[in-house]
Amino acid sequence: MAIFAAMSELQVYNTLSRKLETFQPINAPFVGMYVCGPTVYSEVHIGNVRTFVSFDLIYRYLKFLGYKVRYVRNITDVGHLLDDSEEDKITRKARLENIEPMEVVQRYTVDFHQTMQAFNTLSPSIEPTATGHLIEQIDLIQRIVDSGLGYESNGSVYFDVQAYNEKEHYGILSGRNIEELISNTRDTDGQEDKRSPLDFAIWKKADPQHIMKWPSPWSVGFPGWHLECSAMSTKYLGTTFDIHGGGMDLKFPHHECEIAQAKAGYGHEPVKYWLHTNMLTFNGRKMAKSEGTGVTPRQLITGDHPLLSQAYDPMTIRFFMLQAHYRSTLDFSDEALQAADKGYRRLMQAIADLDTLQASQNSSLNVAELTDRVKAAMDDDFNSPIAIAHCFEAVKWVNLMKEGKESLNNTDLQSFRNFFKEFVAEVLGLTAASAGESVDKIDGLMQMLIDMRQQAKTARDFATADSIRDQLLELGFVIKDGKEGTTYTMK
Ligand code: AMP
Ligand code: ZN
């Protein structure tokens, strides 16, 4: 199966190491997948959500194909240094809000999980935290030092990029070379301690006022950001695993550094397939959490943003994201979301209508041909926009069948129904709009209370009947008895 045949960045990478035309897990049917998770110092923005929704689609499709996937997505709860500063993002937030760094971590981890649930992404199999894996990280630093590619300087430990590059190609993933990198470097952080400006910290000695710090053989300090992913992916997936993902912005330097660390520390190429999602922009503008230009999921879901005309259901936003290929840039705007909302509702209506279709004697449609096209699109580097376009052909069929213009026999109708219901719910991860679902639930609950009140009245228990009415009124529900029966409105 040629799932990854169209991955341009992989081809660049693999022409240098090995040729891969087809997806071959190292230990099929098991697949190991690691995705760089969020740094939990603020709410995620909708661009981050795009990356996690993309990997959710990939995870779901691999499971759909029958692979047993171990999906590891980390939580970065320490170690990201702000540009031009010695303070990490979590500590800065804690200082600004006058709370513990771990309170910051807890708050935004919970928030992240709620967001992921709203977008119907499946939980990863393991969600390790950087602070929970200090021992593994210190072990990896020691290995890198022992290999001769890490050196201690003033209590910090740096990766010797030039020495590494004498044996390996630093820049292999992002298609860079060291000469170009040296001429472009402007990094002055800890310059005096480093042998070369390209060297990156794998352990940083902490200033006395630094809050998040741990003992190590080199100093009381904290690990470099790139290190946690190497240590945790190896712990849970092995020294070489199948898929490593993240946003395009992580390709360099983060993933380049991961490759270097793993080769130095464990002596192996860490990853067989690298997958990178492209950036989501808003009205053409890049979104960056650190610059405060990120639109949050909350703003989209509540419509609380000056550039939005309405609130959008998370399922509409998910559908909008899946309508673009994960490697393409995607710009979202109010208009684009409105169009996506219509498309999403049309698709879900057809899925609901599937159950109402009646079988005929004969089939006028070729179900297998259509379902094969959907699968072929997904096999081609998870091409969800093409797969969705084919799903809309199914929507057309559903509508023609409703009008009696097309027909399916019993067997074909069953496979048509089963495939599209499963594909939309389990692979695309689209469910009925959550807002609509809550309204249905409230309706059901209200009907139950109205029935209970009626039963109390019939039993001449007017105290209970009145109490139900009064309590509902306090909650903002007005009960009205009319000729047609009892109804309710919301104040
Ligand atoms: P961070 O918390 O900044 O490390 O980001 C978490 C994930 O979101 C990483 O995989 C990033 O590459 C990804 N990401 C950041 N910004 C965007 C964006 N605008 N569009 C898509 N993915 C993004
Ligand atoms: Zn990472």
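Note that the structure is predicted; figures quoted are calculated from it, not measured. Numbering of ligands and ligand atoms starts at 1, following listing order.
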Q) Does ligand 1 have any atom sitting under 4.0 Å from a heavy atom of N278? A)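 Checking ligand 1 against N278, which is what was asked, there is a heavy-atom contact under 4.0 Å.
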Contact between ligand 1 and H45 is defined here as a heavy atom of the residue under 4.0 Å from a ligand atom; is it met? yes
Do you see a donor-acceptor pair shorter than 3.5 Å between the side chains of [X] and [Y]?
{"X": "T121", "Y": "D56", "result": "no"}
{"X": "Q338", "Y": "S309", "result": "yes"}
{"X": "S156", "Y": "D193", "result": "no"}
{"X": "D88", "Y": "Y41", "result": "no"}

- So, does D341 use its side chain to make a donor-acceptor pair with the main chain of T316 at under 3.5 Å? no
* **N or O contact, W225 vs ligand 1, cut-off under 3.5 Å** => no
Looking only at distances, can you tell me whether any N or O atom of F52, backbone or side chain, sits closer than 3.5 Å to an N or O atom of ligand 1?
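For ligand 1, there is no N or O atom that lies under 3.5 Å from one belonging to F52.
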- Task: Decide yes or no on ring pair (Phe, Tyr, Trp, His ring centres under 6.0 Å) for H226 and H255, but give the supporting numbers first.
- Result: CA-CA 8 Å; H226 310 305; H255 291 159; 9.3 Å; no
Could you list which atoms of ligand 1 come closer than 4.0 Å to a heavy atom of [X]?
{"X": "G246", "value": "10 (O)"}
{"X": "P38", "value": "2 (O)"}
{"X": "D249", "value": "11 (C), 12 (O), 15 (C)"}
{"X": "L280", "value": "18 (C), 19 (N), 20 (N), 21 (C)"}
{"X": "L250", "value": "9 (C), 10 (O), 12 (O)"}
{"X": "T39", "value": "2 (O), 4 (O)"}

For the Zn ion (ligand 2), angle spanned by C229 SG and H254 NE2 (nearest 10°) is 110°
Original post:
For atom 1 (P) of ligand 1, which candidate among T329, V44, N48 holds the nearest heavy atom?
Top reply: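 Residue with the shortest heavy-atom distance to the ligand atom: N48.
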Geometric cation-pi criterion [X] and [Y], 6.0 Å radius, 45° cone:
{"X": "R143", "Y": "Y266", "answer": "no"}
{"X": "R346", "Y": "F392", "answer": "no"}
{"X": "R70", "Y": "Y236", "answer": "no"}

Check your understanding: Within the stated cut-off of 2.8 Å, is an N/O/S atom of H226 closer than that to the Zn ion (ligand 2)?
Key ->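 So H226 does not bind the Zn ion (ligand 2) by this criterion.
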message: Taking backbone and side chain together, does H255 place any N/O/S atom at a distance below 2.8 Å from the Zn ion (ligand 2)?
response: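 No N, O or S atom of H255 is closer than 2.8 Å to the Zn ion (ligand 2), so no.
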